[in-house]
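Presented below is the structure to which this report refers.
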Amino acid sequence: MASSAQSGGSSGGPSVPTVQRGIVKMVLSGCAIIVRGQPRGGPPPERQINLSNIRAGNLARRAAAAQPDAKDTPDEPWAFPAREFLRKKLIGKEVCFTIENKTPQGREYGMIYLGKDTNGENIAESLVAEGLATRREGMRANNPEQNRLSECEEQAKSAKKGMWSDGNGSHTIRDLKYTIENPRHFVDSHHQKPVNAIIEHVRDGSVVRALLLPDYYLVTVMLSGIKCPTFRREADGSETPEPYAAEAKFFTESRLLQRDVQIILESCHNQNVLGTILHPNGNITELLLKEGFARCVDWSIAVYTRGAEKLRAAERFAKERRLRIWRDYVPPTANLDQKDKQFVAKVMQVLNADAIVVKLNSGDYKTIHLSSIRPPRLEGENTQDKNKKLRPLYDIPYMFEAREFLRKKLIGKKVNVTVDYIRAASPATETVPAFSERTCATVTIGGINIAEALVSKGLATVIRYRQDDDQRSSHYDELLAAEARAIKNGKGLHSKKEVPIHRVADISGDTQKAKQFLPFLQRAGRSEAVVEYVFSGSRLKLYLPKETCLITFLLAGIECPRGARNLPGLVQEGEPFSEEAMLFTKELVLQREVEVEVESMDKAGNFIGWLHIDGANLSVLLVEHALSKVHFTAERSSYYKSLLSAEEAAKQKKEKVWAHYEEQPVEEVPPVPEEKERSASYKPVFVTEITDDLHFYVQDVETGTQLEKLMENMRNDIASHPPVEGSYAPRRGEFCIAKFVDGEWYRARVEKVVSPAKVHVFYIDYGNREILPSSRLGTLPPAFSTRVLPAQATEYAFAFIQVPQDEDARTDAVDSVVRDIQNTQCLLNVEHQSTSCPHVTLQFADSKGDVGLGLVKEGLVMVEVRKEKQFQKVITEYLNAQESAKSARLNLWRYGDFRADDADEFGYSR
């Protein structure tokens, strides 16, 4: 390029003017130009040179905004052709010039030659020769330059060139339009086709003033998708450049100012047009980004028609090299190793609509948040019933659909994870909860960006950022475009239809509802379900889509290690391998679609049965992997053989729960006598309560004095500090104090809260139950808790007898027992265990008579025949007593032996 402009001479210069050089930056009119030097560490110096001895027409000028009475001045004839002649000949070219005169105001006049020396084309002579300028009036031809100008003018007149042609030159006057009435319509009418234009002014690196051809609209064009540093106007009218603002402006000026370009009009912002400027040498938008002179802006990048990804790539190029405005740039993932920035992982769980848990190749688990998207959320304050507990998955519109979309698409699949940024932990504020550090990433599967797919279906929205916030998705523009499509098509959150409502009944722990559902689920056989949560290896929460309900489900047939539990006041440690069992179940079934067979339910309203995943029985799999043992209740199941063979194989491996298993050697011992004596170790107890199903509660006589002392101290404490009536809010499962009908306070446990006026309590030291208002309840003082003295009432059932199912017959038996043993001291011996409570024999303290045998003798109950050898002697005694009662036609047997034909009718089974 040409050398920089040298300093000019003064008005009283030497007879041979100094030749100076520069590059033409701008043509102001047919007789004035601006030349600049070469840039050295910043924008170069500039100076205006006016052509000596000639005059060209004045260009149009717009009236000053500060002068409302002033009018726009139009072009003089042939002024614009003169300007265009010079523009096309000189812009960006090297010229040399001599200064012949300088006015007191500093205006410089001289001769301009195209090229490096005065042998080049004389610009003034060329203008005059083309009839685009005239010699100044009163100028005498007293030197060679003026003589040549005179000759050129005569030749132009003879040839009728330019202003010497016929007519008044009105056709050369432009109809300039400074404003556009309807900018949106104007932009749309061009259908994004390139429009020819001349760049007339560069305000800053990304904003120019352009003359649109051929209609002469003078418009401000902002480059779509980018923003350069600007010049900030101060209160005193001066301008302060932001860092690199001058350099960015020069970069654009040196390439575009007064060049012929094409502009694609893409959108509008007030009277300003958003567009892309195309030049034969390249796209200035991308060049500015690549050189670090501009940054991408979200609000206009969406209208950029040549691909937003190109702009992001150009910006990324500058960021990586820390060019100019990015000199202090630190990438969001700068502190991560490459293996932590990009990896393949298996999706184990979908936490909500924007977060997943993945399993890395190392076996570790990691929570990943989808970059730059926000899951569905509740809008407004009054949309939720304050008395109802919020269940986000079902109560927030479209949250369930979003979670299900991710679950069906991702669970158990391998995905590609590209970490975009790490969102630092934030403390809680009055309106926003605390957040831990979050890894935000773009997750793809099969080339599909999951976040983009969610947004395009209207199941998530895109987060808007401050312009200088670089912590965003690497595919942010695609997310914005997907959201625009979803809004346009009225998808999901953007739909004007009624929001979907999910009425999901949670019957976990609700015994009454569970009882109602049980027969239905038993008849259904295998039901489809989704595993929502895994509490332990064998305890899960399931969602049944057909029934739209949530249930707690226990795996049948196995004994799984019990996990750690938080009990009131202490943490109970888990059994060995409980964590491994839970992880095994989680990895296999969490959020998967499974099939379940419900067989029964327990007292707490939990369903018990078999769960199948991909045709495999989860109970069998747990046993197979030595994470569970077979429970004796599996004997009745069709899966018993599978369970036994799996357990046998696990035992042989001696792993996990079978790590210390030793196969019992076959000992040669004398044969055990057929009749083995049962162990009889009777202890004194005090019977406090008989239940309607013939169970009974007893207190241990040995600890009776401790209870009496505790009750006395507790009542004295309560008398000193009586509970404030109505201050206690009972909660199910809590220990409390309750005032019995005798007016005394006892320890109790809340079993059910129907309302403040109806609270079901269980007296833990006596075994009886009562319904009380909360006003007769209070907080149990810590000094008298179950840690100080455990609950004294223990539940037992009679061994070797069958309780009548017929209500009247059962009432007769219960009444007899109440008369005989309630509130009396007896002797108790545990005979065998059961799932509900131990089964025992009970003797009267004085006569040593067997209470259960007495019931059989009176014909009030039937005998339960057991096969254990140690019980054969007592069973025989019971059966003989039953035969005596039958012969005497006592109570149950008053109509003879009904069992053969009428057992079902009377509610008995043999």
Side-chain angles (χ1 to χ4, degrees), residues 25-26 28 32 34 36 39 41-48 59-73 105-106 176-180 183 197-212 217-258 263 265-277 284-285 287-289 291-301 303 315 318 323-328 465-469:
K25 170 189 170 181
M26 187 176 183
L28 297 174
I34 292 177
R36 65 170 175 83
E46 302 174 355
R47 63 200 293 190
Q48 178 178 330
L59 290 170
R61 291 176 67 86
R62 190 179 184 186
Q67 300 173 1
D69 297 332
K71 294 183 178 180
D72 298 339
T73 306
Q105 292 78 24
L176 275 174
K177 304 170 186 71
Y178 297 103
T179 58
I180 303 170
I198 301 166
I199 303 302
E200 296 290 351
H201 174 67
V202 175
R203 193 178 81 188
D204 60 50
S206 56
V207 180
V208 300
R209 192 86 166 142
L211 181 66
L212 304 184
Y217 281 99
L218 200 57
V219 298
T220 299
V221 177
M222 306 169 75
L223 294 178
S224 299
I226 69 165
K227 187 176 188 298
C228 289
T230 59
F231 295 83
R232 196 169 55 251
R233 188 175 292 278
E234 304 296 344
D236 60 359
S238 62
E239 289 188 339
T240 304
E242 294 176 353
Y244 296 101
E247 291 87 341
K249 179 180 178 181
F250 174 71
F251 185 88
T252 301
E253 274 184 347
S254 61
R255 287 159 177 78
L256 293 187
L257 185 60
Q258 290 200 332
I263 302 177
L265 307 180
E266 293 163 330
S267 186
C268 63
H269 179 68
N270 299 328
Q271 274 285 322
N272 302 326
V273 171
L274 288 167
T276 299
I277 299 175
I284 192 68
T285 307
L287 281 172
L288 283 164
L289 284 169
E291 292 296 327
F293 284 121
R295 65 171 74 244
C296 292
V297 290
D298 303 327
W299 71 270
S300 67
I301 200 168
V303 302
E315 183 183 59
L323 299 176
R324 298 182 177 91
I325 66 171
W326 305 112
R327 65 187 184 278
D328 300 321
Y465 296 97
R466 292 194 322 271
Q467 200 51 57
D468 59 349
D469 189 350

Distance-minimising heavy-atom pair for [X] and [Y]:
X      : Y      : answer
Ser300 : Val303 : O-CG2, 3.0 Å
Pro229 : Ile325 : CG-CG2, 3.9 Å
Val297 : Gln467 : CA-NE2, 3.2 Å
Tyr178 : Arg61  : OH-C, 3.8 Å
Ala210 : Val221 : CB-CG2, 4.1 Å
Ala70  : Ala63  : O-CB, 3.6 Å

Note to self: Quick test of your reading of the model: are Lys25 and Glu46 salt-bridged, counting only N-O distances below 4.0 Å?
What the structure shows: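 A salt bridge links Lys25 with Glu46.
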Quick one: pull up [atom1] in [X] and [atom2] in [Y] and give me the separation to the nearest 0.5 Å.
X      : Y      : atom1 : atom2 : result
Ile263 : Leu212 : CD1   : CG    : 5.5 Å
Thr276 : Leu223 : OG1   : CG    : 7.5 Å
Arg36  : Ser254 : CZ    : OG    : 6.0 Å
Cys228 : Leu288 : SG    : CG    : 4.5 Å
Leu256 : Ile284 : CG    : CD1   : 4.5 Å
Leu257 : Thr252 : CG    : OG1   : 10.0 Å

Check: Does Gly275 offer a backbone N or O that forms a donor-acceptor pair with the side chain of Ser224 under 3.5 Å?
Finding: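 Judged by distance alone, yes, a pair lies under 3.5 Å.
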Next item on the list: Return yes when atom CZ of Arg203 has more than 12 non-hydrogen atoms of other residues, nucleotides or ligands closer than 6.0 Å, and no otherwise.
Entry: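 No - once you tally the heavy atoms of other residues, nucleotides and ligands closer than 6.0 Å, there are 12 at most.
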Notebook entry, point to check: Is it the case that more than 12 heavy atoms not belonging to Arg209 sit under 6.0 Å from its CZ atom?
Noted result: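 Yes, CZ of Arg209 has more than 12 neighbouring heavy atoms, counting only those of other groups under 6.0 Å.
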Heavy-atom check, side chain of [X] versus side chain of [Y], under 4.5 Å:
X      : Y      : answer
Leu176 : Leu211 : yes
Glu239 : Arg232 : no
Tyr244 : Leu323 : no

Next item on the list: Could you walk me through whether Leu289 and Cys296 pass the side chain to side chain contact (heavy atoms under 4.5 Å, CB included) test, one step at a time?
Entry: CA-CA 8 Å; Leu289 284 169; Cys296 292; 4.0 Å; yes
Note to self: side chain to side chain contact (heavy atoms under 4.5 Å, CB included) for Phe293 and Leu287? Distances and angles first, verdict last.
What the structure shows: CA-CA 9 Å; Phe293 284 121; Leu287 281 172; over 6 Å; no
Item checked: NZ or CZ of Arg233 within 45° of Phe231 ring axis and under 6.0 Å ->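 So Arg233 doesn't make the cation-pi contact.
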